[in-house]
Protein chains: 2
Amino acid sequence: MNVRTLCLAILQHGDATGYEIKKMSVEGEYSYFVDASFGSIYPALARLEADGLVTVREETQPGKPARKIYSITDAGREALIGELTGQTDPDIFRSPFLLVAMNAELLPREHLVKAIDARLADLQREMELLGSIASSRSGGTEWIARYGMNCMTASHDFLTAYRDQLECLAVDADAQPGERAAG
Amino acid sequence: MNVRTLCLAILQHGDATGYEIKKMSVEGEYSYFVDASFGSIYPALARLEADGLVTVREETQPGKPARKIYSITDAGREALIGELTGQTDPDIFRSPFLLVAMNAELLPREHLVKAIDARLADLQREMELLGSIASSRSGGTEWIARYGMNCMTASHDFLTAYRDQLECLAVDADAQPGERAAG
DNA sequence: TAGGCCATGTAACCGGTTACATGATTAG
DNA sequence: CTAATCATGTAACCGGTTACATGGCCTA
């Protein structure tokens, strides 16, 4: 899965500019597939157009740079379907937070508490986003938002219920840092 | 978070060779942080040793290449703690499966069913791994395994309960492919 | 008037992967 | 006899990020 496919998927759900695609893939409802920056999106759109998978129309606006609005073509839609039915890359979950948790015995309790609070806040923000998506969309988009909500809720509940167990593994504030590491 | 930190974290929990580190970070209990291949692990270990964060001892075995067993040093442990208390990279979840689900309206039902079955099987395998980790480890490692189990179970239950809703969005086998895409 | 948002694009860089090189042992 | 497992390491490549270049409008 790459930025090309991401662009096609977004354009399948409606025309957009490179700038909008970036926003949607970083903060919006397309932020669960690949992360992309301007440096990868703009070249990808240019190549997509050269390959005939999307078309562009330029919209000049007074006092602002021209917006380049991209639309998917039939060939693009077929390429997207091909990508979606062909690839089998597994889902991945990568968690710096869990690495902190795994090494709780090595860290000052203070920091562990902060890390948990931060993670909880992240989850809450994410759940709000997903909630607004679920209530404003339909079909597949609504479904995946509900799926996400379900997972986030489970995470949040577990963290809230069992954070104490984790916190009591941490190094005491007044103990020598790393004291329990050797044991 | 990079391969260097991953190696330190693994070595903190016990000595290991590059080969073992790779296994643990691909299939084992360290597969939730960064994915690493030989091409990144071996150079990382070499640099870690040059920096004095790990030490090596070579173990020759008859008829096999010598094993290079790495151990973390005090400096390495401190570097790991620094990494763990400093960084704040958010957790990421990237799901090719959810992109398929999001575009259910575009795909033949047959393929969607396959994708769901495959995802369910992945989850089950993952849960078995986590179960064995949870029952054989303690402390932070056990805790994160239980956390993972909780999330996977929630995913699995949702998928099982609501897969029908998703499947009925897909294109009928006998309909023209892409027929509903235009609507 | 400083910073954020809109809006597009390029070039250098970099952390990783893939493929290659080597080779014995063991299980099917 | 074949494939997998053990075991280490290098070099080419590549998909992405970061930083840069440009510039007007709007808000605090």
Side-chain angles (χ1 to χ4, degrees), chain A residues 1-8 10-11 15-28 30-51 54-70 83 87 89-90 92 94 96, chain B residues 1-8 10-11 15-28 30-51 54-70 83 87 89-90 92 94 96:
Chain A
M1 259 268 303
N2 49 27
V3 174
R4 260 172 84 88
T5 310
L6 173 75
C7 289
L8 287 176
I10 292 178
L11 295 175
D15 294 356
T17 67
Y19 188 85
E20 289 166 346
I21 288 175
K22 200 244 175 179
K23 262 201 119 177
M24 288 189 267
S25 64
V26 170
E27 321 162 358
Y30 292 91
S31 55
Y32 305 96
F33 312 121
V34 289
D35 24 28
S37 58
F38 290 132
S40 55
I41 289 170
Y42 286 125
L45 286 170
R47 248 200 74 197
L48 245 18
E49 203 223 331
D51 294 351
V54 304
T55 55
V56 213
R57 98 192 95 102
E58 210 150 326
E59 210 171 68
T60 47
Q61 12 172 41
K64 273 187 187 173
R67 282 158 55 87
K68 284 178 144 192
I69 301 160
Y70 290 87
E83 209 78 45
Q87 54 96 48
D89 295 10
I92 59 166
R94 291 296 115 93
Chain B
M1 260 268 302
N2 49 29
V3 174
R4 261 172 85 86
T5 310
L6 173 75
C7 289
L8 287 177
I10 292 178
L11 295 176
D15 294 356
T17 67
Y19 187 86
E20 288 165 347
I21 288 175
K22 201 245 176 177
K23 262 201 120 178
M24 287 190 266
S25 65
V26 170
E27 321 161 356
Y30 292 90
S31 56
Y32 305 97
F33 312 120
V34 290
D35 24 30
S37 57
F38 290 132
S40 55
I41 289 170
Y42 287 124
L45 287 171
R47 248 200 74 197
L48 244 21
E49 203 223 331
D51 294 351
V54 303
T55 56
V56 214
R57 99 191 94 101
E58 209 149 326
E59 210 171 67
T60 48
Q61 10 173 41
K64 274 188 188 172
R67 284 158 54 87
K68 285 179 146 192
I69 301 161
Y70 290 88
E83 208 77 46
Q87 54 96 47
D89 295 10
I92 59 166
R94 291 297 116 93

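Residue numbering restarts at 1 for every chain, and letters A, B, ... go by the order of the sequence lines.
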Nearest whole Å is fine: how far is C/dG9 C1' from A/Lys68 NZ? 9 Å

Give B/Ala36 one of three labels, base, sugar-phosphate or nothing, depending on what nucleic acid heavy atoms sit under 4.0 Å from its own. sugar-phosphate

Spacing of A/Tyr19 atom OH relative to C/dC6 atom C1', expressed in whole Å: 5 Å

Of the listed nucleotides (D/dT10, C/dT10, C/dT8), which one gets closest to any side-chain atom of A/Arg67? C/dT8

For D/dT8, does either OP1 or OP2 sit under 4.0 Å from a side-chain N or O belonging to B/Thr17? yes

For A/Ala66, which contact category applies under a 4.0 Å heavy-atom criterion: base, sugar-phosphate, or nothing? sugar-phosphate

B/Met1 CE to C/dG15 C1', in whole Å, measures 13 Å

Evaluate the side-chain proximity of A/Asn2 to A/Val34: yes if any heavy-atom separation is below 4.5 Å, no if none is. no

A/Ser37 side chain near D/dT17 phosphate (N/O to OP1/OP2, under 4.0 Å): yes

First of B/Phe38 and A/Ile41 reached from the 5' end of DNA chain D, by closest nucleotide: B/Phe38

Considering only heavy atoms from C-beta outward, does the side chain of B/Lys68 approach that of B/Thr17 to under 4.5 Å? no

What I'd like to find out is whether the side chain of A/Glu20 reaches to under 4.5 Å of the side chain of A/Ile69, using heavy atoms alone. no

State, yes or no, whether a side-chain contact exists between A/Leu48 and A/Leu11 at a heavy-atom distance under 4.5 Å. no

Minimum-distance nucleotide (side-chain atoms of B/Tyr70 versus C/dG9, D/dG16, D/dG9): D/dG9

Could you state the atom-to-atom distance from CG of B/Asp35 to C1' of C/dT17 in whole Å? 10 Å

Do B/Asp35 and B/Ser31 touch side chain to side chain, with heavy atoms closer than 4.5 Å? no

Atom CG of A/Leu45 and atom C1' of C/dT8 are separated, to the nearest Å, by 11 Å

To the nearest angstrom, the OH-P distance between B/Tyr42 and D/dA11 comes to 16 Å

Measure CZ/B/Arg47 against C1'/C/dC14 and give the value in whole Å, please. 12 Å

Check every strand shown and say whether B/Lys22 touches a base, only sugar-phosphate, or nothing at a heavy-atom separation below 4.0 Å. nothing

Tell me whether the side-chain N/O atoms of A/Lys23 come closer than 4.0 Å to OP1 or OP2 in C/dC5. no

Rounded distance (Å) that lies between atom P of D/dT5 and atom CD of B/Glu27: 8 Å

What contact category does A/Val3 fall into here, base, sugar-phosphate, or nothing, at under 4.0 angstrom with non-hydrogen atoms? sugar-phosphate

Given D/dT10, C/dG9, C/dT17, the nucleotide with the shortest approach to the side chain of B/Ser40: C/dT17

With heavy atoms under 4.0 Å as the rule, sort B/Gly39 into base, sugar-phosphate or nothing. base

